[in-house]
Each structure stands twice: as C-alpha cells, then as structure tokens.
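Written out below as structure tokens is the structure these notes cover.
Sequential numbering from 1 along the given sequence is applied to the chain's residues. Everything numeric in this text was worked out from a predicted model, so none of it was measured.
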Amino acid sequence: MAPSFDNESSLFNFVVRDGNGVKGIVDSGISKVPQAYIQPHAEQIDKKSASKCEIPPIDLSKLDGPDHDEVVNQIVRAAETLGFFQVVNHGVPVQLLDSLKQTAHNFFSLPAERKAVYRKEVSPSPLVKYGTSFVPEKERALEWKDYISMAYTNDDEALQQWPIECRDVALQFLKTSHEMVRNLLEALLGNLGEELDDSKIDAFIGKKMVNMNFYPTCPNPELTVGVGRHSDMGTLTILLQDGIGGLYVKVPEDVDMEKKGEWVEIPPIPDALVINVGDMLQIWSNGRYKSAEHRVRTTSTKSRVSIPIFTSPLPTQKVAPLPQVVKKDGMARYREFVFSNYMNSFFGNAHDGKKSLEFAEINSN
C-alpha cells in the first residue's frame, strides 16, 4: 500500500529510497500534488504567458555543400545568443528517434522493483543509475521527473551493463549522433581559432552519457516543475524531445535579441534534435558562447519523455578559456580547474539557474 504522501519522510522513502519514483505516486491514484513537489511561487511556470521560440531549425545537410559557411554562421550565432538551437538532417535515423521514445515509455512502465535495482546505492554497475528529481536530499521542492542514466565507456561494457530494455537503442543513438556532434564542435571551436583533430577530441567530449527522462502526468502542473532552472555542466547536450513540449529557455540579458530575460518555449519540431551549449563551452569561449539556462514544465494530459546525450571532457581534463580567445579579449573570465572538481560542485547542489558557473568565475572586483 502507498504511504501517506503528506508525510515528507514516508514520501521520500517511497519515491527515492524504495525506487518507486514519481510514477509510483501517480500510479497510486493521487488527485493533487504532494506538498513536497510544490515549488515556490517564483519557480512555478506560467504556461500562458510564455512565448514560443520561432527560430527555424538548422539544416545540417548543408554543411557539405556551397552553404557550408552560412550554416556555420547560424550555429555560431545560436551559441552566442540563446545557447539553444534545433537541427534537422542530422544523420540520426528517424526510425531510431521513434524507437527511442517508445523504449523510454516501455522502460518506465516496468514494475518499480525492476527499475529500483539500478538505484545509485545498489546498482550492479557504476555506469547505470536510476533516480528521481536531481539531488533530492538538497532540494527545497522535488522535481517531477524519473530518469535512467547510462554512462558510456566502450561498446562492450555498455552492452553488458546498461539495462537490457534500452541498451541497444541508447547505444545506437550515441553512435549515430557522433559525427553530428563532431561537426558542431568543429564549427564552434573553429570560430574561436581552435582546430579539432583526433588527438584533441577527448579533451572536449571524452565523457558521454545517455539519459532517458520520464515526466509522468501531473494533476497540478502549474505548481510543479519537471526540471528546475539550470544550465548543463558539459560541452554540448543533444536532446530528443517528444511532441508534447514543455522545454523552456531563458533569453540571456546580455545578448542582442528580443525578449531579454524572458522564458521562451522550444517547440517540438518533428524529427529534429535540440542542441544546447553547456558550461564548458561557455568557459572555453571565455563567455562568448552562452550555456543555456533552461527548465521543464509538467503536463496534466500525457506523460512526456526526453532522451538527452550529455557530452563533456574527461574527468581528469584541465579546463580553462582557450589562450587565443583570452589574448583577443585581453582577460580571462574563468580560472583553470580540473573537470571532476566542477562535476562534484555541480552534483553537490540543487538546481539554481547558472550558479554552477560561479565555481570557475574570476571576480572582476
């Protein structure tokens, strides 16, 4: 029997410790959101007042033709302003995108005990983690999301250790998107005067992870968030979202765009992938590229899934603004650090906008 969801410790045990997740709460037949999930008013998302981001997707097939430079300019412009853009003709088969979404729904439909074996405390593999919210122990209000996270080392370990229900399509997604990621990175780094060759690629995207996120239907979506305000800690994130929508990005205050400081929705485009700039790319570019502050709302009509690939440097990698960019700018805005230390700081705190970057900022006072 489900516990009283008004009692915070029994809810925490049911959702987090016992691995039932938010889906377990919803499946118990609740009619209102438990108190632990109600966000402070300032964090709640007003769907009605948000506008949609009407920027057309970038056609990556044109990188191979006479429009190459124009496409590179589009990629660079997007990274310098919103930090978010959508791409089509990206090289990942459309049938695989459909299969990924279906696989995510299938995985989260499994009985709780099948998913709970991958909880961090008991997972048979250090590569796989099933969880809920972001850092439940540190959050004032929990996030309305369950997820499975699969870290990539090599194909053999992925096939042996990732959950059998989703390993094949997740690995295929990682592999079929690699060339696209490399092309995007080449465009963005090339614009900074940095050539990307095989010997350098691990310094930028040596660590990769595939997640499957599940946002169950919510009786009071206006009170909750699927994911709170944050930027991604890595280099580039490649996101497959389904057709339901709910991804919002904050337009930075310091860019030449309309709607500065406002939240805009990234509308689902069939067969497109969403790309967003992470904190490391902002740091390498000395602030020229913007890691996108974003969040996710919940919905009362249908469960939503999204499947991101997170790319980042290897944990042992030293990260600092690229010297040629610092020379041009006349000063470094970020200090050098080892990426694993940044990761520890990022995962040691609840989501709080772009506060994660303070770890590396050099105060100009």
Side-chain angles (χ1 to χ4, degrees), residues 1-39 43 100-151 161-167 170 209-228 242 244 246 295-308 347 350-351:
M1 195 179 115
S4 159
F5 293 134
D6 296 327
N7 178 313
E8 212 151 297
S9 68
S10 68
L11 176 133
F12 187 90
N13 289 342
F14 177 82
V15 173
V16 179
R17 195 198 62 194
D18 300 339
N20 290 289
V22 184
K23 187 172 187 299
I25 302 179
V26 174
D27 288 349
S28 74
I30 54 156
S31 57
K32 65 181 174 65
V33 166
Q35 185 63 39
Y37 286 92
I38 297 177
Q39 294 287 329
E43 301 298 333
L100 279 159
K101 289 180 276 194
Q102 189 56 54
T103 299
H105 276 290
N106 294 349
F107 179 81
F108 289 101
S109 297
L110 291 170
E113 56 272 18
R114 291 273 297 279
K115 296 174 285 192
V117 296
Y118 292 109
R119 283 188 308 113
K120 184 173 66 175
E121 298 77 9
V122 296
S123 179
S125 167
L127 305 181
V128 183
K129 179 187 164 192
Y130 165 76
T132 189
S133 200
F134 179 61
V135 189
E137 300 78 10
K138 301 220 173 174
E139 289 163 342
R140 284 179 303 170
L142 297 170
E143 299 177 350
W144 197 263
K145 177 187 91 166
D146 300 331
Y147 66 89
I148 184 85
S149 173
M150 296 165 276
Q161 299 182 38
W162 289 5
I164 192 169
E165 295 85 359
C166 43
R167 67 186 182 195
M209 182 177 282
V210 186
N211 278 25
M212 289 185 171
N213 299 325
F214 184 72
Y215 305 93
T217 51
C218 177
N220 313 99
E222 69 287 352
L223 301 178
T224 58
V225 297
V227 182
D242 62 17
I244 292 167
R295 61 186 184 178
V296 175
R297 71 168 161 79
T298 58
T299 173
S300 59
T301 50
K302 274 183 175 175
S303 296
R304 175 179 182 266
V305 293
S306 69
I307 300 99
F347 288 116
H351 283 146

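The two residues Ala112 and Asn20 come nearest to each other via the heavy atoms CB-OD1, 3.4 Å. Scanning both residues, Gly21 and Asp146, for their nearest heavy atoms gives CA-OD1, 3.3 Å. Arg304 approaches Gly246 most closely through the heavy-atom pair NE-N, 4.4 Å. For the residue pair Ala170 and Met150, the shortest heavy atom distance occurs at CB-CE, 4.0 Å.
Of the inter-residue distances, the one linking Ile148 atom CD1 with Glu165 atom CD reads 9.0 Å to the nearest 0.5 angstrom. Taking CD1 of Ile244 as the start and NZ of Lys101 as the end, the distance is 10.0 Å to the nearest 0.5 Å. For the atom pair CD of Glu222 and OG1 of Thr298, the computed distance is 8.0 Å after rounding to the nearest 0.5 Å. A distance of 8.0 Å separates OG1 of Thr132 from OH of Tyr147, quoted to the nearest 0.5 Å. Once rounded to the nearest 0.5 Å, the distance linking NZ of Lys115 with OG of Ser109 reads 7.0 Å. Here Leu127 contributes atom CG and Tyr118 contributes atom OH; the two are 11.0 Å apart, rounded to the nearest 0.5 Å.
Taking the side-chain contact (heavy atoms from CB on, under 4.5 Å) definition, one finds that Thr217 meets it with Val26, Ser303, sequence neighbours left out. Pro219 is linked by a side-chain contact (heavy atoms from CB on, under 4.5 Å) to Ile30, Val33, Trp144, counting only residues two or more places apart in sequence or in another chain. For Thr301, the side chain to side chain donor-acceptor pair (under 3.5 Å) partners are Thr299, not counting sequence neighbours. Listed by chain and residue number, Gln102 satisfy the side chain to side chain donor-acceptor pair (under 3.5 Å) test with Asn106 (two or more places apart in sequence, or in another chain). Arg119 is linked by a side chain to side chain donor-acceptor pair (under 3.5 Å) to Glu121, counting only residues two or more places apart in sequence or in another chain. Residues passing the side chain to side chain donor-acceptor pair (under 3.5 Å) test with Lys23, sequence neighbours excluded: Asp27. Scanning for side-chain contact (heavy atoms from CB on, under 4.5 Å) contacts around Pro111 gives Glu113, Arg114, with sequence neighbours left out. Leu223 is linked by a side-chain contact (heavy atoms from CB on, under 4.5 Å) to Ile38, Gln44, Asn220, counting only residues two or more places apart in sequence or in another chain.
Residues Ile25 and Val15 meet the side-chain proximity criterion, which asks for heavy atoms closer than 4.5 Å. Looking only at side-chain heavy atoms (C-beta outward), Val128 and Pro163 come within less than 4.5 Å of each other. Side-chain contact between Val296 and Glu143: absent, with no pair of heavy atoms (C-beta onward) separated by less than 4.5 Å. Counting heavy atoms from C-beta outward, Pro221 and Ser300 have side chains that approach closer than 4.5 Å.
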Solution key, residues 209-216 side-chain donor-acceptor pairs under 3.5 Å, sequence neighbours excluded:
from: Asn211; atom 1: OD1; to: Ser149; atom 2: OG; distance (Å): 3.1
from: Asn213; atom 1: ND2; to: Ser306; atom 2: OG; distance (Å): 3.2

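Looking at Trp162, its side chain does come within 3.5 Å of a backbone N or O of Ala151 through a donor-acceptor pair.
With 3.5 Å as the limit, one finds no donor-acceptor pair spanning the side chains of Tyr130 and Lys120.
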